[in-house]
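Worksheet for the structure shown next.
Note that the coordinates shown come from a computational prediction; the quantities given were computed from them, not determined experimentally.
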Amino acid sequence: MQSNAVIEIPSGSESELPADLIEAAYLASTTRPVIFIVPAEMRRLVDRLLDPIVASAGTGKRGIVYIGAEQQTAVLTALTTSDCIVPATPALSARCRELGIPILTAASATSTLRRLAAGDSRSTRTHNSAPALAPTPSAA
């Protein structure tokens, strides 16, 4: 499934959720969904954060798809078919580097997704543009 973004949400408290990024992701899910790699225990907190956003923005969006980090095939598919990758853990950052997949910081992705939500027709495809955080070359 192609998506506008893959965003990793790590375990933590509700106050640690990247609220601006989550809001921008939902608003940008007009044409394609956004995938959250999120632990099961965090899904209810993310839902609670999204409830007022969905209520005000409406449901005319493709929305958010949750997958767990343990779903390795789904994670790999998401990483290789999405336009914007935002890891939150060193493990996912390293996986992206191994695969040669550019990643964005949360701030850069928030800005990109807000432009997309506003109807900016420029692609969010980070694979073909300079990423905010370039993969580090492996030592030879």
Side-chain angles (χ1 to χ4, degrees):
M1 164 193 325
Q2 284 200 324
S3 66
N4 280 333
V6 174
I7 299 168
E8 183 180 33
I9 309 289
S11 293
S13 68
E14 189 168 5
S15 65
E16 296 173 306
L17 287 173
D20 289 344
L21 178 58
I22 290 171
E23 177 182 25
Y26 179 74
L27 296 175
S29 69
T30 303
T31 57
R32 293 188 291 177
V34 171
I35 297 172
F36 285 173
I37 302 172
V38 60
E41 71 272 9
M42 294 299 292
R43 291 178 184 182
R44 180 168 285 152
L45 297 176
V46 173
D47 282 344
R48 189 170 32 227
L49 181 71
L50 281 168
D51 284 344
I53 297 165
V54 172
S56 70
T59 57
K61 310 279 183 203
R62 299 284 182 174
I64 305 298
V65 175
Y66 294 147
I67 60 174
E70 72 282 354
Q71 296 174 274
Q72 291 300 310
T73 301
V75 169
L76 180 61
T77 299
L79 292 176
T80 58
T81 61
S82 294
D83 292 342
C84 175
I85 312 296
V86 186
T89 62
L92 189 60
S93 294
R95 182 107 187 256
C96 289
R97 279 193 303 275
E98 290 168 6
L99 295 168
I101 297 171
I103 58 176
L104 294 175
T105 63
S108 180
T110 300
S111 175
T112 297
L113 292 168
R114 288 200 185 283
R115 281 195 321 268
L116 183 62
D120 189 332
S121 60
R122 289 179 286 174
S123 173
T124 59
R125 190 94 180 145
T126 58
H127 298 84
N128 296 325
S129 61
L133 297 175
T136 55
S138 58

#### Entry: Minimal non-hydrogen separation, D83 against N4, with atom names
CB-O, 3.5 Å

### Message
Taking the side chain as everything from C-beta on, heavy atoms only, tell me whether L79 gets closer than 4.5 Å to V75.
### Response
yes

### Task
Let me see the working for L76 and L99 under side chain to side chain contact (heavy atoms under 4.5 Å, CB included), right down to the final yes or no.
CA-CA 9 Å; L76 180 61; L99 295 168; 3.6 Å; yes

#### Entry: Whether S111 side chain and S108 backbone form a donor-acceptor pair below 3.5 Å
no

### Query
Going through the distances and angles, do E16 and M42 end up as a side chain to side chain contact (heavy atoms under 4.5 Å, CB included)?
CA-CA 11 Å; E16 296 173 306; M42 294 299 292; over 6 Å; no

### Message
Is it the case that the side chain of E8 and the backbone of A88 share a donor-acceptor pair, with hydrogens and angles ignored and the cut-off at 3.5 Å?
### Response
yes

#### Entry: Note, R114 side chain near D20 side chain (heavy atom, < 4.5 Å)
yes

### Message
Out of the candidates L50, L45, V46, only one should pair with R48 under the side-chain contact (heavy atoms from CB on, under 4.5 Å) rule; please name it.
### Response
L45

#### Entry: Value rounded to 0.5 Å, distance of OG1 in T31 from NZ in K61
9.5 Å

### Query
If you take all heavy atoms of L113 and A25, which pair is closest and at what distance?
CD1-CA, 4.0 Å

### Query
Distance from E23 atom CD to L17 atom CG, nearest 0.5 Å?
13.0 Å

### Task
Give the minimum heavy-atom separation between S82 and V6, together with the two atoms involved.
OG-CG2, 3.0 Å

### Query
Taking C-beta and beyond as the side chain, do F36 and I22 meet within less than 4.5 Å on heavy atoms?
yes

### Summary
Distance col, row E70:CD vs I37:CD1, nearest 0.5 angstrom, shows 10.5 Å

### CZ (R62) with more than 12 external heavy atoms under 6.0 Å
no

### Query
In Å and rounded to the nearest 0.5 Å, what is the CG to OG1 distance from L116 to T112?
9.0 Å

### Message
Please give me the minimum heavy-atom distance between A19 and L49, naming the atom from each residue.
### Response
CA-CD2, 3.8 Å

### I35: which of I64, I67, I7 passes side-chain contact (heavy atoms from CB on, under 4.5 Å)
I67

### Message
Please find the pair of heavy atoms, one from L27 and one from A57, that lie closest to each other, and give the distance.
### Response
CD2-CB, 3.5 Å

#### Entry: Shortest non-hydrogen contact between S93 and I103, atoms and distance
OG-CD1, 4.1 Å

